[in-house]
Trainee: 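Before anything else, here's the structure in question.
For this chain, numbers begin at 1 and follow the sequence in order. Every number for a ligand or one of its atoms is a count from 1 in the order of the listing.
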Amino acid sequence: MLTTTSALVSAARAAGTGVAALNVITLEHAEAVVLAAERTGLPAIVQISQNAARHHGDVAPLAAAVGALARASGARLALHFDHVEDTALLHRAAECGAGSVMFDASRLSDEDNVKATRAAAEWAHGQGLYVEAELGAIGGKKGSAHTPGVRTDPREAREFVEATGVDALAVAVGSSHAMKDRTARLDLGLVARIAAEVPVPLVLHGSSGVPAAQLRDAVRHGMTKINFGTLLSVAFTDAVRASLAASPEEHDPRPWLAEGRAAVVEAAAWCLRAVDAA
Ligand code: G3H
Ligand code: ZN
């Protein structure tokens with residue numbers, strides 16, 4: 001069923017557990033996430049990033065596919081637009097069936113981040129959308145270096161939420177985007193301090209680089225929405241590479257797309273279970 005990020009995050013918070021948010025790029029990724037949710041019996045937030053939307057040129061076809069897959073499934077699934085910097089994409093969220101958007105102005109100064117995020121949240125709330133924003137840039141957005149030193153200050157986080165009216169907050173607590181190994185070290189004490197200070201649910205980005213035990217600990221210390229992307233892409237591409245290497249004469253894309261999709265089902269199921277701390 002197609003539900004909303006708001007409903008899934010609220011339910012997870014009430015149950016003291018986390019909910020995984022999984023980035024999809026192709027139809028096969030989306031099919032795999034839905035299959036993983038069905039297989040595990042756990043809910044999933046299906047995310048389309050601004051980068052993925054740009055890859056397709058128009059976000060609407062992939063968003064429509066996610067919506068169709070979700071409506072046909074017994075699993076609880078939500079559609080979310082992720083890392084939206086472009087207001088033109090923000091403005092397409094509701095018509096494309098997304099119930100939530102992460103508006104990412106974290107590249108701006110904190111003052112400009114507040115202004116831009118408040119304006120985006122006011123507009124989005126008028127459309128009935130649930131809004132996530134980020135304070136304290138989480139590193140590695142260009143897939144480069146880790147930035148382990150970046151941290152969100154708990155008091156500034158509370159002030160940011162009060163000033164912008166956002167519904168969920170992504171914070172920098174030691175993870176970094178696009179890590180291919182699980183070597184991040186989360187500052188769990190900071191997670192607890194931010195959770196005690198900030199009234200809205202917290203979001204962990206760059207979760208592919210976080211060891212399984214720390215993901216569960218992060219949830220227990222107050223994280224609710226846990227975002228994964230790179231781990232799924234690595235699983236997909238490794239499986240496709242192996243399939244093509246094993247069958248170099250193959251020209252039908254279906255066998256290797258199927259191998260990639262099967263690998264993403266396994267990886268996505270791992271993510272869904274990893275944040276299920278109940
Ligand atoms: O917003 C998406 C997530 O932060 C994904 O991060 O690709 O490092 O897992 P990741
Ligand atoms: Zn992210």
Side-chain angles (χ1 to χ4, degrees), residues 5 8-9 18-26 29-30 32-33 36 44-55 59 62 66 78-86 89-90 93 98 100-107 113 117 130-148 150 152 166 168-186 191 201-212 214-215 218-219 223-238 263-264 266-272 274-275:
T5 298
L8 295 183
V9 167
V19 58
L22 303 169
N23 282 72
V24 300
I25 300 171
T26 68
H29 283 84
V33 170
I45 298 166
V46 185
Q47 305 198 137
I48 302 175
S49 72
Q50 178 170 296
N51 287 339
R54 281 192 178 153
H55 164 77
V59 71
L62 184 58
V66 172
L79 174 60
H80 174 87
F81 282 5
D82 191 36
H83 286 292
V84 172
E85 300 183 19
D86 181 356
L89 181 58
L90 168 73
S100 56
V101 178
M102 181 218 185
F103 184 74
D104 185 356
S106 65
R107 290 182 205 271
N113 186 353
T117 304
Y130 180 91
V131 181
E132 173 188 333
E134 176 175 323
L135 179 66
I138 299 160
K141 279 181 189 162
K142 288 184 180 149
S144 57
H146 306 170
T147 48
V150 176
T152 298
V166 296
L169 186 67
V171 291
V173 293
S175 61
S176 187
H177 286 96
M179 289 176 67
K180 294 189 185 69
D181 50 12
R182 291 197 191 115
T183 55
R185 289 182 64 85
L186 296 184
V191 174
L202 301 182
V203 184
L204 184 66
H205 280 245
S207 308
S208 293
V210 180
Q214 283 196 43
L215 289 172
V219 170
M223 279 289 172
T224 302
K225 176 172 175 277
I226 316 291
N227 289 10
F228 299 90
T230 301
L231 180 158
L232 304 180
S233 291
V234 169
F236 183 81
T237 304
D238 282 354
V264 177
E266 296 299 326
W270 184 92
C271 297
L272 298 180
V275 305

Trainee: Starting at OG of S207, measure out to CE of M223 and round the result to the nearest 0.5 Å.
Mentor: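 Separation between the atoms: 8.0 Å.
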Trainee: Just jot down the side chain to side chain contact (heavy atoms under 4.5 Å, CB included) partners of V219, sequence neighbours excluded, or say none.
Mentor: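 Applying side chain to side chain contact (heavy atoms under 4.5 Å, CB included) to V219 gives I226, V275, A277.
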Trainee: May I have a table of the N/O to N/O pairs between ligand 1 and the protein that fall below 3.5 Å, each row giving the two atom names and the distance to 0.1 Å?
Mentor:
residue, atom, partner, partner atom, Å
ligand 1, 1 (O), D82, OD2, 2.5
ligand 1, 1 (O), H83, NE2, 3.1
ligand 1, 1 (O), H205, ND1, 3.1
ligand 1, 1 (O), N227, ND2, 3.3
ligand 1, 4 (O), H177, NE2, 3.0
ligand 1, 4 (O), H205, ND1, 3.1
ligand 1, 4 (O), G206, N, 2.8
ligand 1, 6 (O), G206, N, 3.3
ligand 1, 7 (O), T230, N, 2.7
ligand 1, 7 (O), T230, OG1, 2.6
ligand 1, 8 (O), A178, N, 2.8
ligand 1, 9 (O), S208, N, 3.2
ligand 1, 9 (O), S208, OG, 2.5
ligand 1, 9 (O), G229, N, 2.9

Trainee: Please say which of E134, H83, H205 ends up in a side chain to side chain donor-acceptor pair (under 3.5 Å) with S106.
Mentor: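 Exactly one candidate clears the test, E134.
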Trainee: Look at the side chain of Q214 and the backbone N and O of L186, then say whether any donor-acceptor pair between them is shorter than 3.5 Å.
Mentor: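 Between the backbone of L186 and the side chain of Q214 there is a qualifying donor-acceptor contact (under 3.5 Å).
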Trainee: Supply the atom-to-atom distance C271 SG to L231 CG, rounded to the nearest 0.5 angstrom.
Mentor: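 Interatomic distance, C271 SG to L231 CG, rounded to 0.5 Å: 4.5 Å.
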Trainee: Angle at the Zn ion (ligand 2) between NE2 of H83 and ND1 of H205, to 10°?
Mentor: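 Between NE2 of H83 and ND1 of H205, the angle at the Zn ion (ligand 2) is about 100°.
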Trainee: Are the side chain of Q50 and the backbone N or O of D86 linked by a donor-acceptor pair below 3.5 Å?
Mentor: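 Side chain of Q50 to backbone of D86, a donor-acceptor pair under 3.5 Å: yes, one is there.
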